[in-house]
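Right, one structure below, let's go through it.
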Amino acid sequence: MAHFVLVLPFLLFSNVLALSERNRYRPVIWSKLIEQDKPAFHGMIKENGRKVELRPPLSASDADEEGGARFICRYVILKNRRHPRTVPLPFDIIVRNKLTGEAEIRVREGESLDFEQHRAYKFGIVAEDCGSPPKQSTKAYVEISVLDVNDHAPKFDNESYFAYMEEGKMYDSIVEVHASDKDGSKTFRDICNYELLSHNELFEITPEGVLRNKEPVNYNVHRNFILEAVAVDCGGRRSAPVFINLALLEHCRSGWSGLPDVVHYKAGQGQKMLAKGSTLRLCEDDCQPASVNVKLTLANSHIGKGCDRDTYSINSQRKLCGASGDSNDLLPNPGSSGWSHNIPTDDGFEMDRIYSFDGENTALEVPQNAFNHTLHKRFTISAWLRHGYTQAVSGRTSRAKLPKEHIVCMSDGDGMNRHHYSLYFHGEKLVLLLRKEAEDVSSPEEMQVFRPAEFRWRLTTTQDDAWHHYALNVDLSDEDEDGGVRLYIDGKLVITNDKNFEIIDDWPLHKTKKVHSTKLIVGACWQGGENTFSHYYKGYMAGLFILKGKTESERVIHCLNNCKENLDFHAISDMSSGTSVSFNNDMTEFTISSRTVEEVNRLMGQVAYVNARSFPTPGYRNLTIETSIICEGQTIVLPLVERRILVEEQREPMFIITGYSNLTRMVYEFELGLRVFHDIRIFARSQPLEDDDDEEDDDFMSIEEGGTSTDKAAKLAQKFSKKMMEQSTLPKDESFLIDECHVIADPPLNLFIEHLSMPSELMETHDLEWTETNTGVVIKNADTIPNYENVIRNIHYYHNKPENLANRTLTLYCSSQNQRFTSTKFIERLVAVHQAPAPARPANIKQNTQNARQILTQSKADAVHAAASSSLGMVAIIVVCVGFLLFMIVLGVIRIHAAHRRTQTVRVDHDNQDMEWDNSELNITINPLEKEMFEYEDGAAPTFPEDSDSEEEESSMQGDYGDSTEDDEPPAVGKGGQAGGDLEWDNTSF
C-alpha cells in the first residue's frame, strides 16, 4: 500500500512533464479491412439498439514514447457529404482505452434509428492524440448497417368487408381481404397468414386472404354471417381484427333488380330518375369482371323520326328554324301536287307524310315546271332518311357488286345514260355525284381539265335502319380539303379524314345532240339510253329539299335536329378513374363502362329521362338496358331488360275562337266582297280560366260531366266570351302556335260565281301556305296566334250573283301541333237581304233620273209599311233601302252637296200634303259607297279595297245581332244626328 502511494505521485508528476513535451508523430488507426487504401470498419446495429457491433474493433496507436502524445484522446467523425440528411450523425465514439486507442460507437443520447428511413450509414473518422498541440491520424472509413425490427403491426385496407353469397353454392372466393405492413424489411413486411378469430366450421380463410365456405349454407338457417379475421406478418406480429359481413341470398340471378316496370312522367316535371335504387348482381362462379358495360336506349322510333320532335310538320319546323323559303320540296303532299300521289305513305297526317320506297319499282319524277333540274356551284340537299342493310346482288359478298340506291338523280332524258348529279347509298357509303355542266365551262381548255366530281363518305349510319337527317352544303366557289362539300348528319358536321372520305375526279359533261332533255327522279335513276329506271332506293324518306343558289346555315341545320326528349346524366364529375360514359347525337342512347359493378350501380342511379316539350306526346316509351361483362377475355351478355316510360296525358289547353256569328248584308254587298271574319279572336291557354264565383265553377263542372261534345264546346265558348268581355285583353300562351286553320263552306262553294279571297301578300309575309277547293280553304304552317288572326280577319267572301243567294254558313276552326289540339268551331252565318232591289251600277245620271219617280213611289210604300211594323230590325232594313234609293236621286240633282254629307234625315214640306210623312220615328242612313258608285259614270267597273264592306252599315243593320267591334267605326246616325237637323228638298218635280 505504501508502495502504491509512492508510485502514484510519481506517475502524475511524469504525466505533467510529458504533456509539456514535444508531439512528434501522428496517431495511426489499425484495421484488417482496407478500402481505398484506407482502414475500414463494418458495423451492425438493430434499429432499437444503442451500441454498434464493429468488425474489427476500433483501435489506434501513437509512435510517441513520452508524454501525452502517446495517448489517444478521442475520435472525430468527419462531415458526411454523401448523407446530408444524417448531419449531424446520430452516433458518438467513446474511447475506452487511451493507450491502445480502443473505442466503441454508440447511438447518441436522445437519438434513435429507423430502418424504414435510413438503412445504412457510411462516414469517415480520424483519431486524435493527447499531445500539445494534438495531432490527427489519416482518415478511416466506418460503414454501419441498421437491422430492421418488427415494430409495425399489419393493417387491413378496409375497415370492414361486405359480400353477398348464394345459398347452396360452393365458393372458391366469397371475398378477399388484404392487409399491409409498414415494416421495411421483407421479413416483417410480408403477410404470411390470415386467421379467423370466429370459430366457424362453415368458413375458412387462406394465407392469401381469400374467404371461402367449406360447405353449402342454407338460407332458411342463416341469413347473414359476421366474421372476425386478423392478418399475421412473417415476423409473427398480428393485426387488429376486421369484421367481414356476409349477406346470404336465397337465389342468385345475374342481372338487374329494383327497376320499376313503368316510370311515370308528367309534363314540366324536369328530370325523372330511371334506375334509382337498382342493383346489378352477378352470379358467374368463376368470373371476376374486368369490365362492365351497360347501354340504355330510349326506343321511341315509333314517334316521329326517332324522337318526340314531331310537334309540327317538317315545313313548319323549317319555318320556325329560319330555313330559307327558296327551298324546293321534292316530296310534296299528294293533295297539293299530282306528281307524288303514286308513292306509298304512312298513316300520318297529310301535312307530314313519310314516303316508302320498295327498291323495285317505286320512283317519283319531278316535273321540269315544278323544279329547274340544273344545279351549279352552290346548293343544299337535305332529307330525312331511314335505310337498312343492303343485300349484295346475286348473293355475292363483294362490295363492288352492292347495288347503288339513288335518293335523287338527274340524268339524260333520252339518247344517253349520263348522270349529271345524284345522291345515293352504295353499301356503307354515301356518294354525291356532281358533274360540271357544259354551260358552266368557260373555255375549251377547261373541258379537258379533271375536276372533283364524286364525293364518297364511309358512314355507320347508312345501314342501321334508323332515322337520320342528312344535309349536304355544296359551295364549289370555296373549295377546301373537302372539295367545297360539307356533310351534316343529325345536325353534326362529319369530320373527314383519309379513312372515311375520298374525292374522285372526272371530265366535265360535253354538249351532245343525242340528248334533248333531262329527268329528275326521286328514289331511282333514269337511264335515258335504255328508257328505263334503275338503281332503286329501298327505305323511307321524308322532307327532301333542294336549295339552289345558296346554302343553308349550320344553325338552321342544327335547329332542325333538336330533340326535346332524351336521356340525361349530370354526374360526370363524380365518376371514378377507369369509368367512361357516352351519348349518341340524339341523347337517346347512353353507355356506361366501368371496372366495377359498384360503380355501375352508383352511376345508373343518376340517369334520368327529360322531355322539354310543353305538350309532350302522351304514351309509352320503351327503355331497354343491355348489359355485358368481360371476364378473362370472354364477353358474357346478360338478359335484355325492357322497361317503359309512360308520358302521362296532359290536360288539353283551352283553344277557343270567338266572335259575332251572324252577318246580315244587302245582296249587292256580297258582290263587292265581305270580310266575313273581321272580328274573330283566338285564345289559347295552357290552364283553364279561374272562375270568380262558385256558381261558375259549378256550371263548368256540369259541362264536363254531362252533355254532348258540341254542347260542351258551345257552353265553353260562351263562358270564355263572357270572360273576354270582362277583361279587355286576355293573356295568351306565347308558346302556343297554330299550324293549320280550316274554313269550311256549307253548302260547298260554286267556284264559278262565288269564292273566298285570301290576303296573299300578308300570307307570304308570314310564310303561310293555303289551298282552296269548293269545300273551303286550308291555311298551313306554324305561326303565332296574332298572325293567324290578322290573316283570317282579312279573308273576303265574293258572290257574283248575289240575287241567287239566300244564306251561307262558313265554319272556322284551327289546330295546333300537327292536329293534336283542335279549337272550338266558330260558325259564321251570312244572310242576304232581298227586300229592295239592288241598284245597278250607274252609267250616267240621266238613266237614274228616268227611273226616279217609280223608285220613289215604291220607297214611299215601303216606308209607310216600315213605320207600321213592330219589328225594329225590319224597320232598320227598309229605312236603309229607302235612304239608299233617295240618295241616288239626290246626288243626281245636287251632286256636290251630297259629296260632303254622309248621313241625312229627310223631312217633306208641310205645305205639300202628297209627299208628307212623319219623320219623328224614321231615320235614313246614307251609304257612303253610293258616292263612289256615281263617280264611275263612264261605265267602268269600280275597284274596291279589300275591306270594302261598310263597318257603319253593319252597326245599323245587325240589330239584335250586336254592335260592331271595329275601333274606327263612326257612331250610328239617329235622331238629330246631323248638326244641321233635318234635310228638306223641293218635291214638285216628282
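Along the sequence shown, residues carry numbers from 1.
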Quiz item: Do the non-hydrogen side-chain atoms of I29 and F41 ever get within less than 4.5 Å of each other?
Solution: yes
Quiz item: With a 3.5 Å cut-off and no angle check, do the side chains of T460 and D464 form a donor-acceptor pair?
Solution: no
Quiz item: Taking the side chain from H118 and the backbone from A120, do they hold a donor-acceptor pair closer than 3.5 Å?
Solution: yes
Quiz item: Any Lys/Arg nitrogen of R108 or D92 sitting under 4.0 Å from an Asp/Glu carboxylate oxygen of the other?
Solution: yes
Quiz item: Is the shortest heavy-atom distance from the side chain of L567 to the side chain of L274 under 4.5 Å?
Solution: yes
Quiz item: Side chain of S137, backbone of A127: donor and acceptor closer than 3.5 Å?
Solution: yes
Quiz item: Can you find a heavy atom in the side chain of H152 that is under 4.5 Å from one in the side chain of D233?
Solution: no
Self-check item: Test item: N213 side-chain N/O and K169 main-chain N/O as donor-acceptor pair under 3.5 Å
Solution: yes
Quiz item: Is E102 paired with R96 through a side-chain N to carboxylate O contact shorter than 4.0 Å?
Solution: no
Quiz item: Parallel, tilted or perpendicular: which describes the rings of F156 and Y194, with under 30° parallel and over 60° perpendicular?
Solution: tilted
Practice problem: Using modelled atom types only, decide if a donor and an acceptor are shared between the side chain of K32 and the backbone of P56 within a distance under 3.5 Å. | Solution: no
Exercise. Take the angle between the ring planes of Y609 and Y265 and call it parallel below 30°, perpendicular above 60°, tilted in between.
Key: perpendicular
Quiz prompt | Basic-acidic side-chain contact under 4.0 Å: R238, E195 | solution = yes
Quiz prompt | Side chain N601, main chain E598, donor-acceptor under 3.5 Å | solution = no
Quiz item: Thinking salt bridges, do D181 and K155 make one under a 4.0 Å N-O criterion?
Solution: no
Quiz item: When you check the gap from the basic side-chain N to the acidic O, do E201 and K214 get nearer than 4.0 Å?
Solution: no
Practice problem: Find the distance between CG (N245) and CZ (F225) and round it off to the nearest 0.5 Å. | Solution: 11.0 Å
Quiz prompt | Salt bridge present between K38 and E35 (N-O < 4.0 angstrom) | solution = no
Exercise. Could you tell me the separation between the CZ atom of R26 and the CD atom of Q136, rounded to the nearest 0.5 Å?
Key: 8.0 Å
Quiz item: Any side-chain heavy atom of N584 sitting closer than 4.5 Å to one from T297?
Solution: no
Quiz item: Do you see a donor-acceptor pair shorter than 3.5 Å between the side chains of Y219 and E166?
Solution: no
Quiz item: Can you check whether Q36's main-chain N or O pairs, donor with acceptor, with Y141's side chain at less than 3.5 Å?
Solution: no
Self-check item: Side-chain touch L282/L638, heavy atoms, less than 4.5 angstrom
Solution: yes
Quiz item: Should R458 and K499 count as side-chain neighbours, where that means a heavy-atom distance under 4.5 Å?
Solution: no
Practice problem: Evaluate the ring planes of F501 and W457, with Trp represented by its six-membered ring, and classify them as parallel (under 30°), tilted (30 to 60°) or perpendicular (over 60°). | Solution: tilted
